Amino acid sequence: MNPSFDTLCVGEVNDPHTTAPHILPLYLTSSFAFESVEQGEDIFTGKTSGHVYGRYGNPTIEAVAAKIAALETHGTGIEAAALLTSSGMSAISTLALGVLTQGDTILTQTNLYGGTTELFFKVLQPLGIKIQTIDLADLTLVEGLMRSDLSIKMCYIETPANPTLACVDIAAIAILAQSFGIITVADNTFATPYLQQPLALGCDYVIHSTTKYLNGHGNSIAGVIVGKHLDVMRGRIWQVLKLAGTNANPFDAWLIHNGLKTLPLRMRQHCQNALMLAEWLSTHQAVSHVNYPGLSTHPSHNIAQKQMRAFGGMLSFELRGGLAAGIRMMNTTKLCTLAPTLGDVDTLLLHPATQSHLNIPAHIRIAAGITDGLIRVSVGIEDIADIIADIKQAIE
Ligand SMILES: *Cc1c(COP(=O)(O)O)cnc(C)c1O
């Protein structure tokens, strides 16, 4: 066939590669072409492997998901599968819709990421999924509830938690849950698999907002579900992802992959800088207290030491001057940026009381240690001397 000029313009080209690309290619295609009707049917029915339509799967996305599954299970001998989602929130909603049904209960903590609490109470609860929040540090209480309330199907934990860095003993909760046939899900966003591997500690599923440390460069929103139950991951959870349309996009997956290459380097620097900043802050006269799990004074120091390789890049602190001094300090920094995210390479400040925890009633927020003057720092990988100098000039 000798196509016309117009047809030539419209026509797709064949992938001209002769040698394998060194870097993961970005497959920006919404569908995949079949060689024959028969091949299309075989792929659709799962008789042969292959791709069909971008919402069902894409080579770039699957390569990155597999890499995250390998990181979450590295050195453990555990086999896990992963699915990338459009955000951290959709990782949680897709997992919940995949494994829970009307009448089931989620047992969880009060100090979750704000969006997670809202998802549970404003979206899942109206669908008939019950939410029970308790102090997960009280293992006797947890065991009593698990024993008496047979509707509890999922224990959902987040550790370290935002913004006080309180930690949950992952193994203690997961082993208890397992003995009652309850699945445990851990939000591992703050720690990353470099610092903490919840699947090895007994959890069934891990979720991440890859938006934060895994991507690390603040240029994409995405999430991931990593699970040990391969049949459920490839069955029901993939089905929900595909039908609720919570799939990630290839470009975000590609950016995450770029970020993952330096995850250990970044995490080592984040941890080292955060510890140095926490120690410096705790000796400053104007600072009333510092929350960092790496400080021996932090209530979760022992738990963190038990289950984390180092203590992460997040901390929070309060000035003796309270709210007014805190706001003055945040408005006076030059290097640090005021931005409502975390885990980027640069240092970010956030004021929980007027930003991330604005929708939480004041008495609940304060009872959880999130006082009016608390300042959250996502400590970056800049030279620590510059970060300290900036915060010092802003405080003084
Ligand atoms: C940001 C965040 C989420 C939500 O992730 P998105 O990518 O913003 O949807 C969930 N959990 C934690 C701990 C987070 O920090």
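Nothing here was measured: the structure is a model prediction, and the numbers come from that model. Each ligand, and each atom within it, is numbered from 1 in the order the structure gives.
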Cation-pi geometry met for Arg309 and Tyr194 (6.0 Å, 45°)
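Yes; both conditions hold, so Arg309 lies above the ring face of Tyr194.
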With under 30° as parallel and over 60° as perpendicular, where do the rings of Tyr53 and Tyr56 fit, or are they tilted in between?
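Because their plane-to-plane angle is over 60°, the rings of Tyr53 and Tyr56 count as perpendicular.
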Output the set of protein residues with a heavy-atom contact under 4.0 Å to ligand 1, ordered first by chain identifier and then by residue number.
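Ser87, Gly88, Met89, Tyr113, Glu158, Asp187, Thr189, Phe190, Ser209, Thr211, Lys212, Ala222, Leu342.
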Donor-acceptor contact present, side-chain Ser378 to main-chain Gly343, <3.5 Å
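Confirmed, Ser378 side chain pairs with Gly343 backbone.
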Please confirm whether the backbone N or O of Tyr27 pairs with a side-chain atom of Thr60, one donor and one acceptor, at under 3.5 Å?
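Here the side-chain-to-backbone pair exists.
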Salt-bridge test for Lys130 and Asp104: reply yes if a basic N is under 4.0 Å from a carboxylate O, no otherwise.
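No, this pair does not count.
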Regarding Asn291 and His298, do their side chains bring together a donor and an acceptor under 3.5 Å, going by distance alone?
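Asn291 vs His298: no donor-acceptor pair found between side chains.
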